[in-house]
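Read through the structure below, which is laid out as structure tokens, and then see the notes.
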Amino acid sequence: MAAPRETKRKAGTRKKKDPNAPKRALSAYMFFANENRDIVRAENPGISFGQVGKMLGEKWKQLSEDEKAPYDAKAGADKKRYESEKQLYLATKA
DNA sequence: CCCCTGATTGTTCCT
DNA sequence: AGGAACAATCAGGGG
């Protein structure tokens with residue numbers, strides 16, 4: 001129960017932003033969504049974000065580890081991207 | 001020593 | 001321009 005998944009987590013305690021704030025890396029879902037947005041919507045022409053957004057999440061988890069592997073793999077690659085800025089951010093800020 | 005929480009990322013859709 | 005569901009992700013600070 002560490003993180004209540006209410007969607008849009010933004011309780012109250014706001015952390016202090018950093019000077020260079022290395023924003024963070026994308027998530028496997030981001031890469032997956034990149035490929036699904038055109039696919040899902042292509043199969044459901046005319047459906048609004050409410051339908052696509054929700055359905056995307058269900059499909060995302062329904063995927064197999066190997067299916068999401070490429071997305072997760074990209075997540076790891078993007079993480080490295082963020083890692084470099086993070087390291088620089090720490091180097092410059094320190 | 002150990003834990004948590006917040007912040008962030010990107011998509012789509014609409015007003 | 002931003003918000004909201006959908007999911008993952010990480011880092012740092014505090015007791």
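Residue numbering restarts at 1 for every chain, and letters A, B, ... go by the order of the sequence lines.
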Taking only distance into account, with no hydrogens and no angle test, what donor-acceptor pairs under 3.5 Å do side-chain atoms of residues 47-60 of chain A form with protein atoms, sequence neighbours excluded?
{"residue": "A/S48", "atom": "OG", "partner": "A/Q51", "partner atom": "NE2", "Å": "3.0"}

>> By nearest heavy atom, map A/D72 and A/G57 onto DNA chain C; which one lands nearer the 5' end?
In response: A/G57

> Touch check for A/D78, heavy atoms < 4.0 angstrom, all strands: base, sugar-phosphate only, or nothing?
Replying inline: nothing

>> Students often get this wrong, so: under 4.0 angstrom with heavy atoms, is A/F31 touching a base, only sugar-phosphate, or nothing?
In response: nothing

> With respect to the side chain of A/A33, which nucleotide from C/dA7, C/dA11, B/dT11 is positioned closest?
Replying inline: B/dT11

> Rounding to a whole Å, what distance do you find between A/L56:CG and C/dA8:P?
Replying inline: 13 Å

> Are any of A/R37's side-chain N or O atoms less than 4.0 Å away from OP1 or OP2 of B/dT12?
Replying inline: yes

> Taking the side chain of A/K79 as heavy atoms from C-beta outward, which of C/dA11, B/dG10, B/dT12 is closest to it?
Replying inline: C/dA11

> What nucleotide among B/dT11, B/dC13, C/dT9 has an atom nearest to a side-chain atom of A/F49?
Replying inline: B/dC13

> Which listed nucleotide (B/dG10, C/dA8, B/dC13) is nearest to the side chain of A/M30?
Replying inline: B/dG10

For residues 74-84 of chain A, which side-chain N or O atoms pair as donor and acceptor with protein atoms under 3.5 Å away, sequence neighbours left out?
{"residue": "A/D78", "atom": "OD1", "partner": "A/L26", "partner atom": "N", "Å": "2.6"}
{"residue": "A/R81", "atom": "NH2", "partner": "A/S84", "partner atom": "OG", "Å": "3.1"}
{"residue": "A/S84", "atom": "OG", "partner": "A/K80", "partner atom": "O", "Å": "3.3"}
{"residue": "A/S84", "atom": "OG", "partner": "A/R81", "partner atom": "O", "Å": "2.4"}

> From A/Y71 OH over to A/E35 CD, what is the distance, rounded to the nearest 0.5 angstrom?
Replying inline: 5.5 Å

> Under 4.0 Å: is that the gap between some side-chain N or O of A/K86 and OP1 or OP2 of C/dA11?
Replying inline: yes

> Can you check the A/W60 CH2 to B/dT9 P distance for me, whole Å?
Replying inline: 18 Å

